[in-house]
Amino acid sequence: MQRRASFSWAALAATAALLAACNGDDGPRPPSTLAATSATNITGAVGDLVSDPLVVKVTDDRGAALGGIVVTFAVAEGGGSVTPAVDTTDNTGVASTRWRLGGTAGQQRVSATVTGVTTQINFIAAAAAGAPANVAVQAGNNQSATAGSVVPTPPSVIVRDRFNNPVNATSVFFSVSSGGGSVTGAGATTNASGVATVGSWTLGANVGTNTLTALVVANGVTSNPVTFTANGTAGTAAGISAQTSTSITGTVGALVTPVPGIRVVDANGNPVAGANVTFTASTGSTVVGGTRTTNLQGVASPDGWQLGSTAATYTLSAAVGSLPPVVFSAVARPGAATSMVALAGNNQSATVGRTLPIDPAVRITDALGNPVSGIEVVFDVIDGGGSAVARRQTTDANGTATVGAWTLGETPGTNTLRATASGITVQPVLFTAQATPGTPASFSISAGNNQTATAGSVLPVAPSVVVRDNRGNPVSGVTVTFTASAGTLTGATPVTNAAGQATLGSWRLGNTAGVQTLTASISNVPSVTFTATATAGVAANVVVVGDSVAPNFPVNSFISPIPTARVVDANGNPVSGAAVTFESLDGTNTLVGATRTTGADGLAQLTSWRIGTAAGVYRLRVLVNGLTLTPDVTWRVTGTALAASQATALSLVTQPAVASAAVGSIPVVRVADQFNNPVQGVTVTFAVTGGTATIGASAATVTAVTDLNGLASAGSWVMDAGSGARTVTATVAGTILGSPIVFTATVP
């Protein structure tokens, strides 16, 4: 491609600045957009030069072409190359490069980028494989089968181009070249993977090598044609014989040399390849590769035969089908000493300065664990102080050597004794023992004292103690017993660890708020005591202090005792700081101090409660912020009437009448208190005070007592035979407003 004139961005900027000065423009603008002006989806063959250049255009944010801008072209996928890799736009904003595809078939990609422009242009090529260039075996070479039979794997080849990409749709011709035999499907075509496969290959009738040729029908293909080889094997086994001596001498645990072998022949004495041979070792010995197949010479051997670990005679039998087996025998000799192990006395524990109860001992054996006698062993103390006696010992018939005694050092901790022996590959042997502190002498709190938690909950820090001896050394292995005054414990009998520390599993406080204690004790040492403060939980219930049903009170009076509620948690502990509201449910009540906050005792009390003026039941309930009470917690009181203070007629005070007959409206009086509540039990006297008549049981005077509704009645009122007005006067006992009341009945 012919190069276009290019110039630097700085020159362009200077020119633009000059034009701006003349034209009033705001100067040159930086690149904003990168776009492809040639095809971005390309096809071609691997290794070929793409027919058309890759072209891009750079513009500013107003769409104006920008010259002098550097564009970078880079191969991003699939290999290949671009020339040039960097180009500068001409005065039309165009830059370009040429792309030679890489050698890998499939998708390939070249990217174009400009500094300052976020957009990247991608040119994508679908690269196809090239012309056939080489052919190779894919499968089915070097097989073996009975003469005259079909090989198990049909031979196949793979055809590739010069970049090693598989080539499809290529013709391949298969033909027998030696050994006789025949093929089916001789003409084959490569598939998408470049593979062509013959239909089948039947070997010739004679034992020996057979060959097959695969020819690619194309020019310039290397390694063409490809030759496959297959071996025609003999018939079934008819005889078996030993190839090595059947009487062998070896070392215990060692491999027998040479490895026993057998030869299998057919009925005509031809070696039988592929015969399955089973080698079986007697108990104690081990055969490696016990199942084998004879080779082309009819010979088979196991990978190895390892004799047992004890001196004895071992056998190995070789069997082929139902043929009589061949039996090999080997006498195993003992081996040399190779290893030393701890036999007794390791990982003991004793008080500092004491001799361990078990004397350390080692056992020396050969590689297979047979004991070796007569080996000198030296015991040396190498850590922790202390001493050993009779340090040099010789192994006995059991391969054992034992030190005279081992006394620990004076400092608690690990002591180490080393055992070494000349000529032993696995050494030294190290014995360790723990020098432990003396008996417990002191006992102290380590953690978990003076905690505070909700009653019934588990303390956040598990209480722990430390036990020490009279030298201040921590004492391990001591059982500590924890006992709580309240609540429940887990892991109440822990054992001190290496730091002398014993930690309780957990302490769940009792359900009652207040101070609770936990005692930790061990034998012969004064106990220690932990304290914990159990606080109330969240409000869970409200209980009435005293009776919730008060005795009867006169209306408009103050109730005593004053209603008091206690807010408690789920365990019945008083809850302080709870917001409590007393609320009237019936009638007109006057509450003072209806909103309260509970104190430390969980109590909240009204300042006062005055019931209303109407006789009847008054109820009060308590509400606690954040708590739903089902059913409501209530107080109940009955308001009773005050003393009688007024009387009224509840029947006609003036009415017509008929001579010698009862009046239509019998005199009735209602007695009430000052709030008009009916008053029961008040005496009312009815008397005929004008004219002649009878009331009640034919009397002139009737005494009645007011009922629950405050009513008293004359019972009856009957006129005499004359005419004129008749009167009945009702007088209420005491000083009563409205008493007496005069009832008048007039006979025309």
Side-chain angles (χ1 to χ4, degrees), residues 347-352 410-414 432-541 566-578 598-602 626:
N347 297 321
Q348 298 185 74
S349 178
T351 305
V352 291
E410 296 295 329
T411 303
T414 301
T432 59
Q434 294 299 320
T436 60
T439 58
S442 66
F443 194 34
S444 61
I445 292 174
S446 174
N449 195 20
N450 296 322
Q451 298 185 74
T452 298
T454 304
S457 68
V458 176
L459 289 175
V461 178
S464 63
V465 295
V466 173
V467 180
R468 301 182 186 276
D469 64 10
N470 56 2
R471 296 178 181 177
N473 297 311
V475 182
S476 63
V478 178
T479 299
V480 179
T481 301
F482 288 88
T483 306
S485 65
T488 57
L489 306 178
T490 64
T493 56
V495 177
T496 56
N497 57 20
Q501 188 175 56
T503 303
L504 178 69
S506 66
W507 180 13
R508 183 180 295 278
L509 297 178
N511 293 332
T512 302
V515 176
Q516 301 181 25
T517 60
L518 175 73
T519 300
S521 59
I522 61 176
S523 299
N524 302 319
V525 177
S527 62
V528 295
T529 300
F530 297 80
T531 60
T533 301
T535 59
V538 297
N541 197 12
R566 185 188 302 275
V567 180
V568 296
D569 64 10
N571 295 316
N573 298 302
V575 178
S576 63
T598 58
D601 55 3

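All heavy atoms count here, side chains included; hydrogens, waters and symmetry mates do not. FYI, the numbering just counts along the sequence from 1.
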In short, T351 meets G438 closest at the heavy-atom pair CG2-CA, 4.5 Å
message: For a 4.5 angstrom cut-off between non-hydrogen side-chain atoms, does N473 reach V352?
response: no
Scanning both residues in full, the closest heavy-atom pair of A462 with G505 reads CB-O, 4.0 Å
Minimal heavy-atom distance between A513 and T535, with the atoms involved, is CB-C, 4.3 Å
*Quick one: does V475's side chain get under 4.5 Å of T439's, heavy atoms only?*
no
What one should report as the nearest heavy-atom pair of V567 and A539 is CG1-CB, 3.6 Å
Here the gap from T517 atom OG1 to W507 atom CH2, rounded to the nearest 0.5 Å, amounts to 6.0 Å
Q) Tell me, do V465 and I522 make a side-chain contact under 4.5 Å, heavy atoms counted? A) no
Main chain of G577, side chain of T598: is a donor-acceptor contact present, judged purely on distance under 3.5 Å?
yes
_Would you say that T503 contacts P494 through its side chain, given a criterion of any heavy-atom pair below 4.5 Å between the two side chains?_
no
dist N571:CG -> N541:CG (nearest 0.5 Å) comes out at 12.0 Å
One should read off an interatomic distance between L504 CG and T481 OG1, to the nearest 0.5 angstrom, of 11.0 Å
Heavy-atom closest pair (V525 atom, S442 atom, distance to 0.1 Å) is CG1-C, 4.1 Å
The reported gap from CG in N450 to CZ in F530 (rounded to nearest 0.5 angstrom) is 10.0 Å
| Any donor-acceptor N/O pair, R508 side chain to G456 backbone, under 3.5 Å | yes
Between the OG atom in S576 and the CG atom in D601, the distance rounded to the nearest 0.5 Å is 9.0 Å
Do the non-hydrogen side-chain atoms of N347 and T432 ever get within less than 4.5 Å of each other? yes
Between A536 and P574 the two heavy atoms that sit nearest each other are CB-O, 3.2 Å
Hey, are the side chains of V568 and N573 touching, using non-hydrogen atoms and a 4.5 Å cut-off? no
Requested in this report: Measure from the side-chain N and O atoms of T414 to the backbone N and O of Q434, and report whether any donor-acceptor pair falls under 3.5 Å.
Outcome: no
- Message: Less than 3.5 Å apart, any donor N or O on the side chain of T531 or Q516 sitting next to an acceptor on the other?
- Response: no
Rounded to the nearest 0.5 angstrom, the OG-CG distance for S446 and N449 is 11.0 Å
Quick one: does any side-chain atom of T529 pair with a main-chain N or O of L518 as donor and acceptor, under 3.5 Å?
no
Are the side chain of T493 and the backbone of V480 linked by a donor-acceptor contact shorter than 3.5 Å? no
For the residue pair T483 and T519, confirm or rule out a side-chain donor-acceptor distance under 3.5 Å.
no
